[in-house]
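As structure tokens, the structure follows; a few thoughts come after it.
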Amino acid sequence: MTGKSEAQNAAEEFPDPLDGLIGRVLDDPGAPFVPEVLEGLSALKGEDRAAFEVLRVGLKKAGCRVTALDDAMAEEKGGTGGRDPSQADILIDLAAGAYLFHASDGTGYADLEINGHRETWPIRSTGFKDWLVHQYYCETGGAPNNEAFNSARGAIQARARFDGPQMDVNIRVAGHDGKLYLDLTDDDWRAVEIDGDGWRIIDELPVRFRRAAGMQPLPVPIPGGSIESLRPFLNVGKDYDFVLVVAWALAVLRDRGPYPVIVLAGEQGTAKSTFSAILRALLDPNTAPLRALSREDRELFIAATNGHVLTFDNVSGLPGWISDTLARLATGGGFAVRQLYTDQDEVLFDAARPIVLNGIEDFVTRPDLADRAIFLTLEPISEKHRRSEGELWAAFDKACPEILGALLDAVSLGLLRLPDTKLEKLPRMADFALWATACEGALWGEGTFLRAYAGNRDEAVDSIIEGDPVGSAVRSLMKSRTEWTGTATDLLEALSEEVSETVRRGKAWPATPRGLSGKVRRAATFLRKLGIDISFGKEGRAKTRVIRILCMPEDAVTEPSAPSAPSVKQEKLPLGNGADGVPLRPADANG
């Protein structure tokens with residue numbers, strides 16, 4: 001029999017007095033106050049302040065009088081191993097002036113009263129550090145050393161996570177109790193409160209916003225403006241396109257998705273980058289409004305965490321993985337990436353973000369993303385209509401407050417009408433369509449948005465199917481028949497006869513029946529809009545997997561219908577006709 005080591009014998013003879021302490025408190029409230037426990041607590045406080053605070057919280061929940069325990073420790077406290085716990089203690093006491101809480105992911109936050117207004121900062125942020133160091137300087141006339149500060153911040157984080165309540169923290173847009181809030185990101189931390197009765201600027205918020213690096217203030221909105229003031233700053237040739245851009249902007253001002261992806265295409269000189277920057281400046285201004293497309297999920301995750309609107313400039317192509325990620329981000333979905341410098345911890349993100357993509361080529365080719373997108377093709381700008389950037393931005397800065405005010409007027413009407421707004425048939429982005437329909441009465445005639453949206457989607461279907469070799473081959477196959485049934489192997493052989501040898505040798509053409517099945521599934525949604533229905537099943541005793549393709553009758557093709565009349569009473573607005581026949585409300589008819 002192997003003898004015990006000296007360490008094991010010592011552990012049995014001198015057990016750690018803190019082991020099982022929380023459990024012992026339940027039976028013996030005096031257990032934490034015995035000398036050896038007080039000595040152990042003092043040692044833990046000096047060696048690992050965060051662990052001490054976690055234990056202290058546990059003792060408090062178990063019924064221990066922690067204030068009395070702190071006094072007893074102060075009486076028994078000996079050496080601290082070279083640390084300066086007095087600085088850490090002062091910092092922790094100063095942090096009592098902040099309201100501590102945590103978000104759903106455990107991140108600790110502090111509400112700080114600064115110059116008569118409330119600011120919210122993550123405990124790990126530079127903003128909170130600056131505040132706490134300033135408090136320390138005002139208290140002592142000096143600065144804490146890094147060791148003491150880091151120890152204190154770990155303890156404050158522990159208190160926020162285990163003692164503080166859980167609360168939502170938002171960036172730029174928030175919702176609460178049926179109202180929307182838009183963070184102005186100004187020095188006074190004011191926001192716009194929007195409800196069915198209108199909108200107003202407030203400085204006492206029922207929601208929390210955080211400030212990420214690069215965020216810039218919005219202009220103070222002005223009531224009584226017209227949305228037509230936005231049109232001169234956007235290179236849109238069709239009224240339909242302008243309606244869709246405004247609908248997208250209204251969606252951005254909501255606190256939830258889904259958000260359609262705006263895809264801008266056009267040759268050089270069509271002001272794609274300026275178009276994107278204008279939208280970002282209007283709704284979520286940032287010091288770096290445009291960025292290159294992310295090369296990995298982590299970069300995209302960081303961008304989505306630190307901004308409400310994502311704008312990617314000069315996109316030349318979308319790999320399959322990032323196309324799928326953008327589609328999930330538009331409609332909302334969870335992302336998890338491994339935290340840096342750890343083996344197991346993950347950073348989680350579960351939200352939706354509005355996205356703008358621009359590029360010269362038709363870079364959106366996967367139906368999943370295309371089904372969530374609004375496609376705009378910008379026309380070249382003639383030399384006589386060009387303006388310098390300085391002139392353009394000076395004019396935009398002047399008009400922006402009224403443009404934002406007009407959007408807020410529409411959002412207010414949308415909040416009022418949304419509960420009573422119904423569509424006979426729901427398109428793919430149903431929540432977006434309902435919201436845009438609810439808001440449009442403040443801007444133009446009823447049904448304008450849905451007609452514009454349906455037309456844009458029809459054009460997108462033709463474009464995506466034409467650019468998809470498999471989808472195009474299926475459409476060609478079904479031109480001369482009404483039904484086709486067979487295995488994936490049979491279908492690959494049949495479709496191969498519909499395309500050229502160059503296409504068959506291309507990377508986009510599936511090399512195996514299994515690969516074909518995946519591409520057919522992706523194309524199925526858009527093919528169905530063209531009247532071609534695809535289903536997958538099993539037949540026979542052997543349960544052979546088969547693919548069935550049917551040409552549907554024209555009346556079975558799903559298309560969105562006009563909205564039903566809302567139950568709320570509203571004044572009939574004067575209407576005019578736009579350049580392409582869209583009924584538009586005159587620019588001077590303000591609601």
Side-chain angles (χ1 to χ4, degrees), residues 241 244 248 258-268 270 272 276 292-297 300 310-331 333 353-378 427-429 453 455-478 491-492 495-496 498-512 514-530 532 534 549:
D241 290 348
L244 293 174
W248 178 85
Y259 301 108
V261 179
I262 282 196
V263 179
L264 304 175
E267 63 184 69
Q268 294 179 357
T270 54
K272 299 181 297 298
S276 303
L293 190 63
S294 305
R295 296 182 178 180
E296 58 179 24
D297 275 342
L300 192 59
L310 305 181
T311 49
F312 297 108
D313 194 33
N314 291 325
V315 179
S316 58
L318 287 178
W321 68 268
I322 200 168
S323 180
D324 293 342
T325 301
L326 290 172
R328 280 196 298 140
L329 189 58
T331 52
R353 290 286 184 264
I355 300 170
V356 180
L357 304 171
N358 75 63
I360 295 176
E361 305 172 8
D362 292 330
F363 49 85
V364 175
T365 58
R366 293 173 78 99
D368 289 354
L369 180 58
D371 210 25
R372 296 163 168 83
I374 292 172
F375 293 87
L376 303 180
T377 300
L378 308 187
R428 175 65 178 83
M429 302 284 280
Y453 191 45
N456 190 268
R457 289 176 62 81
D458 287 344
E459 294 178 5
V461 168
D462 287 334
S463 177
I464 295 299
I465 292 300
E466 192 66 32
D468 177 13
V470 171
S472 181
V474 170
R475 181 167 62 175
S476 177
L477 176 68
M478 299 306 294
L491 183 58
L492 180 58
L495 294 182
S496 296
E498 300 292 331
V499 299
S500 66
E501 183 178 355
T502 302
V503 172
R504 291 196 298 270
R505 291 181 176 180
K507 293 182 179 180
W509 189 256
T512 65
R514 182 177 180 180
L516 174 70
S517 295
K519 290 184 177 294
V520 168
R521 288 181 187 274
R522 285 188 178 276
T525 300
F526 276 21
L527 286 170
R528 189 171 297 112
K529 298 180 187 302
L530 298 176
I532 300 174
I534 300 176
I549 307 176

With salt bridge (Lys or Arg N to Asp or Glu O under 4.0 Å) as the test, would you mind laying out the steps for D371 and R457 before giving the verdict? CA-CA 8 Å; D371 210 25; R457 289 176 62 81; 2.8 Å; yes

Item checked: Step-by-step side chain to side chain contact (heavy atoms under 4.5 Å, CB included) determination, T325 to L300 -> CA-CA 9 Å; T325 301; L300 192 59; 3.3 Å; yes

Distance col, row I465:CD1 vs L527:CG, nearest 0.5 angstrom, shows 4.0 Å

- [ ] Give a yes/no verdict on a cation-pi contact between R528 and F526, requiring under 6.0 Å between NZ or CZ and the six-membered ring centre and an angle within 45° of the axis.
- [x] no

TODO: Apply side chain to side chain contact (heavy atoms under 4.5 Å, CB included) to the pair L310 and V356, showing each step before the final yes or no.
DONE: CA-CA 6 Å; L310 305 181; V356 180; over 6 Å; no

task = Please answer whether the main-chain N or O of L329 pairs with a side-chain N or O of R353 as donor and acceptor at a distance below 3.5 Å.
result = no

**Asked** Under a 4.5 Å cut-off applied to non-hydrogen side-chain atoms, are L492 and W509 in contact?
**Response** yes

Nearest heavy-atom contact between L318 and S323 is CB-CB, 4.4 Å

Using only atom types and a distance under 3.5 Å, with no angle test, would you say the side chain of R522 pairs donor to acceptor with the backbone of P367? no

Taken to the nearest 0.5 Å, the spacing of R372 CZ from Y259 OH works out to 15.0 Å

### Donor-acceptor contact below 3.5 Å, side chain K272 vs main chain E267
yes

- Answer whether the closest heavy-atom distance between the side chains of L264 and S276 falls below 4.5 Å. yes

Q. Could you go step by step and tell me if L326 and V261 meet the side chain to side chain contact (heavy atoms under 4.5 Å, CB included) rule?
A. CA-CA 9 Å; L326 290 172; V261 179; 5.7 Å; no

Is the closest basic N to carboxylate O distance between D462 and K529 below 4.0 Å?
no

Tightest non-hydrogen contact, residues A292 and F312, listed as O-CD2, 3.5 Å

Smallest heavy-atom separation, T365 atom then I464 atom, equals O-CG2, 3.8 Å

Rounding to 0.5 Å, atoms CZ (R521) and CG (L516) come to a distance of 11.0 Å

Distance col, row L495:CG vs K519:NZ, nearest 0.5 angstrom, shows 12.5 Å

CD1 (I374) and CG (D241) are apart, to the nearest 0.5 Å, by 9.5 Å

* Asked: Taking 4.0 angstrom as the limit, do R475 and E498 come out as a salt bridge?
  -> no

### Query
Below 4.5 Å, heavy atoms only, C-beta onward: do S463 and F375 meet side chain to side chain?
no

Of all heavy-atom pairs linking D362 and A265, the shortest is OD1-CB, 4.2 Å

Rounded to the nearest 0.5 angstrom, the CG-OG1 distance for L378 and T270 is 5.0 Å

Report the C-alpha separation of E361 and V315 in whole Å, then their side-chain angles, then the decisive distance to 0.1 Å, and conclude whether the side chain to side chain contact (heavy atoms under 4.5 Å, CB included) test is met. CA-CA 8 Å; E361 305 172 8; V315 179; over 6 Å; no

Under 4.5 Å between any side-chain heavy atoms of L491 and I549, yes or no? yes

From the list L369, L293, N358, V263, side chain to side chain contact (heavy atoms under 4.5 Å, CB included) partner of F363 resolves to V263

V499 and P469 have their tightest heavy-atom pair at CG1-O, 4.4 Å

Taking every heavy atom of D468 against every heavy atom of A523, the minimum-distance pair comes out as OD2-CB, 3.6 Å

